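In what follows, a single structure is set out as structure tokens and then discussed.
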Number of protein chains: 2
Amino acid sequence: MSVARDTIDVRQNILAAAQQIMAAKGFSAVGLNEILVSAGVPKGSFYHYFGSKEAFGEALLAGYFEDYLTALDSTLAEPGLSHAVRLMNYWQRWQDSQGSLDCQGKCLAIKLAAEVSDLSEAMRLALKSGTTGIIERLARAIEAGVAEGSVVIEDKPYATAEMLYYLWMGASLMAKIRRTPAPFETASATTRRILSLPAH
Amino acid sequence: MSVARDTIDVRQNILAAAQQIMAAKGFSAVGLNEILVSAGVPKGSFYHYFGSKEAFGEALLAGYFEDYLTALDSTLAEPGLSHAVRLMNYWQRWQDSQGSLDCQGKCLAIKLAAEVSDLSEAMRLALKSGTTGIIERLARAIEAGVAEGSVVIEDKPYATAEMLYYLWMGASLMAKIRRTPAPFETASATTRRILSLPAH
DNA sequence: AACACAATTAGACCAGTCGTCTAGAGAGGG
DNA sequence: CCCTCTCTAGACGACTGGTCTAATTGTGTT
């Protein structure tokens with residue numbers, strides 16, 4: 001209705017369309033045209049909403065991580081479960097979303113990280129703050145799990161969280177290369193061992 | 001001298017130039033022009049040596065892994081060292097090459113994997129066979145380390161090799177995002193623990 | 001109803017893309 | 001000495017890229 005509302009919708013539509021397309025094809029390989037056609041927004045409008053393709057990419061990543069972190073927060077706060085179970089739920093969902101049949105798992109971070117972090121400082125920083133947020137939350141959950149006794153670790157919680165996140169990033173990359181969810185099995189088993197949880 | 005020799009040189013020059021440029025900027029973001037100018041080769045020659053940009057990318061990856069694997073073989077066969085030390089040497093060199101001052105560590109696999117594996121089946125397969133080769137060699141070295149007693153692991157050698165490779169891929173990605181070699185420290189410490197080696 | 005002013009769009013713009021194609025340069029064999 | 005065949009040369013075509021200016025549309029106030 002109001003102008004402001006429509007404006008936000010259009011902006012959001014562009015971002016949503018881009019998220020799908022860029023999660024499949026990357027950043028440089030996708031032209032604004034394709035995104036705008038898919039969003040039903042005329043080309044001329046783009047620079048009304050975003051200053052440049054780079055600024056657009058930054059906004060895309062920022063929005064992506066915002067949603068991602070709130071979902072992560074709720075996964076790690078689900079009532080009635082131990083922190084150990086909550087953590088494994090998180091990784092189970094990661095696996096489900098990345099390994100889905102539509103080969104384009106929707107993790108923008110994995111898809112764009114290598115390509116974009118040498119290309120645009122702004123996008124790199126968006127990636128950095130988003131991934132740091134993820135690791136921090138995982139570290140807190142691990143710490144809480146240790147405190148309640150559902151998780152036992154050898155290293156410090158933060159280092160453990162970092163290590164597990166790297167492991168799952170690498171597994172995602174490898175799943176893309178191999179077109180198989182097998183790497184997630186390996187990552188999952190390792191995660192259980194690192195957290196001293198019983199095998200699946 | 002001979003025609004054949006020169007031909008190989010030109011081809012190799014193009015590939016060498018591309019390896020540097022693409023390790024920095026990715027695949028789609030780089031035009032053939034830039035590569036050819038940098039290699040001092042006219043455009044007309046390109047299509048004499050390669051059928052398309054995609055076929056070129058495939059050859060680039062194949063050549064990259066060929067070199068990579070022979071270097072890996074010699075690292076893992078250095079005389080007078082235990083397998084445990086050889087393995088840690090490999091990762092130390094990984095760290096050195098990736099974390100170097102010229103921010104463009106030269107690992108094509110990390111740089112191109114996510115971008116390219118959804119873009120070209122041929123390139124994806126090159127990536128797949130190359131990374132599989134790396135993991136196989138690591139697995140053999142771990143197995144030999146277990147046999148000689150310098151390495152102790154909980155899981156099977158192959159699964160351990162996979163897991164460690166994922167960990168280091170993820171750490172490399174994160175090092176790119178953060179522009180810090182810190183992730184390698186975490187990966188290194190974890191690797192030591194997984195292999196039951198004394199802390200550094 | 002008419003105006004001012006902001007929000008939005010159409011389309012031009014040029015640099016750059018990949019790939020093609022026609023000439024010709026250069027070397028080896030006979 | 002010529003003929004042939006590999007390789008070089010770079011202009012060219014058809015097209016897409018991101019960006020920007022100029023015009024259009026819409027809104028709210030008088």
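Lettering follows sequence order; numbering is per chain, from 1. Excluded from the calculations below are hydrogen atoms, water molecules and symmetry mates; all remaining heavy atoms, backbone and side chain alike, are included. Because the structure is predicted, anything quoted here is derived from the model rather than measured.
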- Note on the structure: A:Met22 atom CE is separated from D:dG17 atom C1', nearest whole Å, by 12 Å
- Message: Of the listed nucleotides (D:dT6, C:dG19, D:dC20), which one gets closest to any side-chain atom of B:His48?
- Response: D:dT6
- Item | A:Tyr49 ring center near A:Phe56 ring center (under 6.0 Å) | no
- Step by step, work out the side chain to side chain contact (heavy atoms under 4.5 Å, CB included) result for B:Leu60 and B:Phe27. CA-CA 11 Å; B:Leu60 179 68; B:Phe27 185 77; 5.9 Å; no
- Query: Got a salt bridge between B:Arg179 and A:Asp118, using NZ or NE/NH1/NH2 to carboxylate O under 4.0 Å?
  - Reply: yes
- Message: Rounding to an integer number of Å, can you tell me how far B:Lys53 NZ sits from C:dG19 P?
- Response: 8 Å
- Task: Would you indicate which nucleotide in D:dT8, D:dG17, C:dG19 comes nearest to any side-chain atom of B:Tyr49?
- Result: D:dT8
- Atom pair distance, as rounded to whole Å: CD1 in B:Ile35 and P in C:dT17: 10 Å
- Message: Any side-chain N or O of B:Tyr47 below 4.0 angstrom from OP1/OP2 of C:dG19?
- Response: yes
- Using whole Å, report how far CG of A:Leu36 lies from P of D:dT19. 12 Å
- Message: So that I can tick it off, tell me whether A:Arg193 and B:Asp155 are bridged by a salt bridge, with the cut-off set at under 4.0 angstrom between side-chain N and carboxylate O.
- Response: yes
- Message: Expressed as a whole number of angstroms, how long is the span from A:Leu32:CG to C:dA12:C1'?
- Response: 16 Å
- Message: What contact category does B:Gly44 fall into here, base, sugar-phosphate, or nothing, at under 4.0 angstrom with non-hydrogen atoms?
- Response: base
- Measure from CG on B:Asn33 to P on C:dG19 and round the result to the nearest Å. 13 Å
- Task: Round to a whole Å and report the spacing from CZ of A:Phe46 to C1' of D:dC20.
- Result: 13 Å
- Note on the structure: Atom CG of B:Asp9 and atom P of D:dC7 are separated, to the nearest Å, by 12 Å
- Task: Determine whether any donor atom in the side chain of B:Lys43 lies under 3.5 Å from an acceptor atom in the base of C:dG19, or the reverse, and answer yes or no.
- Result: yes
- Message: According to a hydrophobic-cluster definition based on side-chain heavy atoms being under 4.5 Å apart (Ile, Leu, Val, Met, Phe, Trp, Tyr only), do B:Leu108 and B:Tyr68 belong together?
- Response: yes
- Could you check which of D:dT8, C:dT9, C:dG19 has an atom nearest any side-chain atom of B:Ser45? D:dT8
